[in-house]
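Working notes for the structure below.
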2 protein chains.
Amino acid sequence: MTSTNVFSSKSEVAYAEIRDRILSGALAPGSRLAQYELAESLHMSITPLREAIRRLSSEGLIDLDTHRDARVARMDAAEARQLFEVRLSLDPSAVELAAARRTEADITAMRAAVERLLPVTRQWGEEALTAHRDFHRTLYRASHNDVMVRLLDDLWDKSDRYRRIGLVLPPGDGPRTRDLDEHRQMMELVISGDGERAAELMRNHIRLSLTASAIEVLEAR
Amino acid sequence: MTSTNVFSSKSEVAYAEIRDRILSGALAPGSRLAQYELAESLHMSITPLREAIRRLSSEGLIDLDTHRDARVARMDAAEARQLFEVRLSLDPSAVELAAARRTEADITAMRAAVERLLPVTRQWGEEALTAHRDFHRTLYRASHNDVMVRLLDDLWDKSDRYRRIGLVLPPGDGPRTRDLDEHRQMMELVISGDGERAAELMRNHIRLSLTASAIEVLEAR
DNA sequence: GACGCTCCTCGTAACTTATAAGATGTTCGG
DNA sequence: CCGAACATCTTATAAGTTACGAGGAGCGTC
């Protein structure tokens, strides 16, 4: 499924690169994407670039204004809340499926991912964000539902944009100390096959997630 | 949010048209999409066409084979099942939110949509499918969560591809008679604000949905 | 506030390059 | 001499470049 060879055509490169810049914040929300400039900076002509931009626009990361310009999608509290609500529904379902279907390979991967979480509990930063994302992704994969995995990966990336806001602007305290425990516990529940409790834990995990602080920050302005 | 003006640029037209042909089955799964031919049939050059194709490929409706060709994504029982699982999680959440947030306008829209369901209960057909889709969409909208609405609209369209399989190939009995009742009941629960029971009903509604028969059909070959 | 100037996206078209598949041919063991 | 394995040529088509034209949007000017 979704074979779609991965030969990085230029269009693919443009897509990945721009997406990354947007999600990482390198391209600020609302900033303009000039075709010719961007094409030059990515060492390609505008044809593949435009394909990438259109794709990103259909994913909601870019706002296209016909005959005008393309801009990085703005962020607002409403969208943060909506992403949050969707994940509150999907994430628990994913772990529930994972608990029913995890394989030995999944278990190994999860244990490895949770270990990588350990060294970065003190403070948020790019490594901590990556490790955190990887752990959740490993959980998602264990659901063995590609459609769900794709959705969740995407939702995660989009929520992460908001997480950064909530983290970077305020003092930026590290991940909650109970976070690591929670992750470990969630993993154990998945491994033991207790989908119901794993889902419940995930629900709480998301409720307490830092998205909330991003909403506050956005609402404050 | 997702303003993205709707001025139908050619690229947009191509996207909508091809998507429609795929979902409606006019373009069979696995069939080839030749750039130049298609461009001609859509009265445009390949530039906007390629933008559309890339978009559809990133949505999973088209499989792209670099330097070779583009084909309509194939269908299989695994994907049907996955779509089904995702909707089993999201649809109930949507009605739960809807029950909490429906406005007068939503209520009017839902009542109108359920009426349009009435004349087409006897047999499945394009009108019945459209009316059915519209009713569910109206429910989704009442959740007032744009992110969720977008996801569900998309999931609906994709599942509908499978529904058609389950309907068209076998004798093609009409919508179950209890379907109309269920829809009406679900709507009333949303209107009365009983999110919990509405969600529960939706879960059952989806479980019994005809997607199941599509899975059987696909597995049989 | 109407006109025109300018900028930039949208779309077209012709051309070059890259890649995969199949046909064709070539070599070498039996 | 036959046939199988392997290399090469041909062909079809996508991917990308470039140049150019059309037209909407904003802005300044009168």
Side-chain angles (χ1 to χ4, degrees), chain A residues 1-22 27-74, chain B residues 1-22 27-74:
Chain A
M1 129 157 319
T2 59
S3 62
T4 314
N5 83 0
V6 199
F7 269 69
S8 45
S9 64
K10 294 218 171 179
S11 170
E12 216 66 34
V13 171
Y15 170 78
E17 176 66 24
I18 300 175
R19 185 169 189 279
D20 203 64
R21 289 191 194 176
I22 292 176
L27 280 170
S31 62
R32 199 159 162 277
L33 299 172
Q35 292 190 354
Y36 290 92
E37 268 176 50
L38 239 186
E40 192 176 3
S41 98
L42 292 173
H43 307 292
M44 66 185 64
S45 69
I46 60 172
T47 310
L49 176 69
R50 267 170 52 179
E51 292 169 356
I53 288 183
R54 276 257 154 62
R55 249 173 93 179
L56 289 163
S57 120
S58 88
E59 287 177 22
L61 284 178
I62 285 182
D63 280 343
L64 229 45
D65 212 348
T66 315
H67 288 293
R68 180 130 297 274
D69 55 13
R71 292 176 177 278
V72 177
R74 303 188 173 280
Chain B
M1 132 154 317
T2 61
S3 62
T4 316
N5 83 357
V6 198
F7 269 71
S8 44
S9 63
K10 293 219 170 179
S11 170
E12 216 66 33
V13 171
Y15 170 78
E17 177 65 24
I18 301 175
R19 185 168 190 279
D20 203 63
R21 290 191 194 176
I22 293 178
L27 279 170
S31 63
R32 199 160 159 279
L33 300 172
Q35 292 190 359
Y36 289 92
E37 268 176 51
L38 238 187
E40 193 175 3
S41 98
L42 292 173
H43 308 292
M44 65 183 66
S45 69
I46 59 172
T47 309
L49 176 68
R50 267 173 49 181
E51 291 169 357
I53 289 183
R54 277 256 154 65
R55 250 173 90 178
L56 288 162
S57 121
S58 88
E59 287 176 22
L61 285 177
I62 286 182
D63 279 343
L64 230 45
D65 211 347
T66 315
H67 290 292
R68 185 121 295 271
D69 55 11
R71 291 175 177 279
V72 177
R74 302 185 173 284

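Here is the naming used below: chain letters follow the sequence lines, and residue numbers restart at 1 for every chain. Being a predicted model, the structure only gives us computed values, none of them experimental.
- The separation between B:Leu42 atom CG and C:dT12 atom P is 11 Å, rounded to whole Å.
- Between A:Glu17 and A:Lys10 there is no salt bridge, since no side-chain nitrogen of the basic residue lies less than 4.0 Å from a carboxylate oxygen of the acidic one.
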Applying side chain to side chain contact (heavy atoms under 4.5 Å, CB included), run through B:Arg54 and B:Leu64 and close with a yes or a no. CA-CA 8 Å; B:Arg54 277 256 154 65; B:Leu64 230 45; 3.7 Å; yes
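- The NE2-P distance, from B:His43 to C:dT12, rounds to 12 Å in whole Å.
- Residues B:Glu59 and A:Glu59 are not in side-chain contact: their nearest non-hydrogen atoms beyond the backbone lie 4.5 Å or more apart.
- Straight-line distance from the CG atom of B:Leu49 to the C1' atom of C:dG11: 13 Å, rounded to whole Å.
- Proximity of B:Leu61 to B:Arg19: side-chain heavy atoms (C-beta onward) are separated by under 4.5 Å at one or more points.
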Identify the pairs formed between an N or O of the protein and an N or O of nucleotides 6-10 of chain C at a distance under 3.5 Å, and give each distance.
from	atom 1	to	atom 2	distance (Å)
C:dT9	OP1	A:Gln35	N	3.4
C:dC10	OP2	A:Gln35	NE2	3.2

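- A:Arg71 places a side-chain N or O within donor-acceptor distance of the main-chain N or O of A:Gly30, the cut-off being under 3.5 Å.
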Ignoring hydrogens and angles, write down the donor-acceptor pairs under 3.5 Å from the side chains of residues 31-50 of chain A, residues two or more places apart or on other chains.
from	atom 1	to	atom 2	distance (Å)
A:Ser31	OG	A:Ala28	O	2.6
A:Arg32	NE	A:Asp69	OD2	3.1
A:Ser41	OG	A:Leu38	O	3.2
A:Arg50	NE	B:Glu51	OE2	3.0
A:Arg50	NH2	B:Glu51	OE2	3.2

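- Rounded to a whole Å, the CD atom of B:Glu37 is 14 Å from the P atom of D:dA12.
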